[in-house]
Amino acid sequence: MKLKSCLLLIPVLFYSAIAFSQNSIVGTWEGKFLSQDFELGQPKLVVEIYDFKGSSFTGVSHLYYRENKYEHYRIVGLYDEKDSVLAFKEVSTIAVDLGTYGNCLGTYMMSLKKADGYLVQNGFWEATIRGCTSNSNIWLQKKIEEIKKPEPKIKPAPTKPIPNKPVVKNKPPVIVQPARDRITTPVI
């Protein structure tokens, strides 16, 4: 890494003391690839981060230029939770259409912070091949997804079970006649 790049990284490393979880980093980040060298304009940058294992992750980076030009790369990276720093590298080309321009793979060095309901990555991109293109400043953001706690379900107050009572039908009284020793039921 060039001395200039290392010097740029020093403030990035000390800027953020907030640690973020892997789950907050996973997802789609959108921002800008800020460079003065592009005749195609400053591209929109989209980085998808997924497959977090330990402190490493994989994903895809996308650059979208005017005139329907684009670059798509596979990335691998590391996240330093202690310093809230992400470093990821474009490792292979998925698809590129830059017209007469060639593509360059590079490495991103980013610091992570929280600002106004967003997670923000600030840093720089450096080409992995000398003479390819100059370094560029990078800015990415992702809306913080608020995790709503499930509301406790309110259960109705317990009711006492009503015991099954035998159904009593109004039966006419039984009259026993002692003389005849038989039972008769009066007619009503």
Side-chain angles (χ1 to χ4, degrees), residues 1-66 69-115 118-144:
M1 199 182 269
K2 298 177 187 174
L3 179 60
K4 181 180 174 184
S5 298
C6 290
L7 292 175
L8 287 172
L9 182 59
I10 291 171
V12 169
L13 290 173
F14 295 105
Y15 184 76
S16 176
I18 303 169
F20 299 93
S21 73
Q22 293 175 353
N23 289 338
S24 62
I25 296 169
V26 169
T28 302
W29 296 78
E30 294 185 14
K32 289 287 185 182
F33 196 91
L34 306 169
S35 176
Q36 303 302 322
D37 292 346
F38 293 117
E39 290 182 24
L40 293 171
Q42 297 202 348
K44 175 181 178 181
L45 174 62
V46 177
V47 175
E48 299 174 60
I49 296 176
Y50 48 84
D51 289 339
F52 234 115
K53 293 179 183 153
S55 62
S56 64
F57 59 87
T58 61
V60 181
S61 67
H62 310 276
L63 289 157
Y64 298 100
Y65 301 87
R66 64 178 181 229
K69 303 299 183 196
Y70 57 84
E71 298 178 71
H72 305 293
Y73 301 103
R74 292 190 202 301
I75 62 170
V76 297
L78 294 172
Y79 171 57
D80 180 351
E81 187 174 2
K82 178 183 168 208
D83 295 322
S84 297
V85 173
L86 291 105
F88 49 97
K89 182 178 183 176
E90 296 163 330
V91 292
S92 66
T93 303
I94 298 171
V96 172
D97 181 2
L98 294 175
T100 59
Y101 300 97
N103 68 313
C104 293
L105 282 70
T107 301
Y108 295 79
M109 295 299 295
M110 310 295 286
S111 68
L112 184 63
K113 66 179 183 174
K114 187 177 182 180
Y118 287 88
L119 292 178
V120 178
Q121 291 185 42
N122 284 305
F124 63 91
W125 175 89
E126 182 177 289
T128 54
I129 299 172
R130 288 185 184 257
C132 194
T133 188
S134 64
N135 296 351
S136 298
N137 291 325
I138 304 297
W139 168 81
L140 292 165
Q141 73 176 9
K142 182 179 98 141
K143 187 155 182 68
I144 295 174

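All of these numbers come straight from a predicted model, not from anything done at the bench.
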Lys32 side chain to Asn137 main-chain N or O, any donor-acceptor pair under 3.5 Å? no
Sequence neighbours left out, what passes side-chain hydrogen bond (donor to acceptor under 3.5 Å, both in side chains) with Glu90? Give chain and number order. Ser61, Tyr108, Trp125
Minimal heavy-atom distance between Asp51 and Thr58, with the atoms involved, is CB-OG1, 3.2 Å
Separation between CG of Asp97 and OH of Tyr70, rounded to the nearest 0.5 Å: 4.5 Å
Taking only residues two or more places apart in sequence or in another chain, which ones pass side-chain contact (heavy atoms from CB on, under 4.5 Å) with Lys143? Tyr118
Suppose we screen for side-chain contact (heavy atoms from CB on, under 4.5 Å). Which residues come up paired with Val46, at least two apart in sequence or across chains? Thr28, Glu30, Lys44, His62, Tyr64
Ile49 and Gln121: CA distance, side-chain angles, deciding distance, side chain to side chain contact (heavy atoms under 4.5 Å, CB included) verdict: CA-CA 13 Å; Ile49 296 176; Gln121 291 185 42; 4.2 Å; yes
Validation row: Tyr50, Val60 side chains within 4.5 angstrom (heavy atoms): yes
Which residue, Ile144, Ile25, Leu140, forms the side-chain contact (heavy atoms from CB on, under 4.5 Å) with Leu119? Ile144
Distance-minimising heavy-atom pair for Ser56 and Leu78: CB-CD2, 3.7 Å
Can you find a pair of side-chain heavy atoms, one from Phe88 and one from Val47, that are under 4.5 Å apart? yes
Residue set satisfying ring-ring contact (aromatic ring centres under 6.0 Å, His included) with Phe57, at least two apart, ordered chain then number -> Phe52
List the residues meeting salt bridge (Lys or Arg N to Asp or Glu O under 4.0 Å) with Glu48, not counting sequence neighbours, and say none if there are none. none
Nearest 0.5 Å, please: how far is CD in Gln42 from CZ in Arg66? 10.0 Å
Nearest 0.5 Å, what's the NZ-OG1 distance between Lys69 and Thr100? 8.0 Å
Using side-chain heavy atoms (C-beta onward) and a distance below 4.5 Å, is Met110 in contact with Ile138? yes
If we ignore hydrogens and angles and just use 3.5 Å, is the side chain of Ser136 paired with the main-chain N or O of Phe33 as donor and acceptor? no
Rounded distance [0.5 Å steps], OG1 in Thr107 versus NZ in Lys89: 5.0 Å
If every non-hydrogen atom of Pro43 is compared with every non-hydrogen atom of Leu63, which pair is closest and at what distance? CG-CD2, 3.8 Å
Rounded to the nearest 0.5 Å, what separates atom CE in Met109 from atom CG in Asn122? 13.5 Å
Contacts of Ala115 meeting side-chain contact (heavy atoms from CB on, under 4.5 Å) (sequence neighbours excluded), chain-then-number -> Val120
Among all residues two or more places apart in sequence or in another chain, which pass the side-chain hydrogen bond (donor to acceptor under 3.5 Å, both in side chains) test with Tyr73? Glu71, Asn103
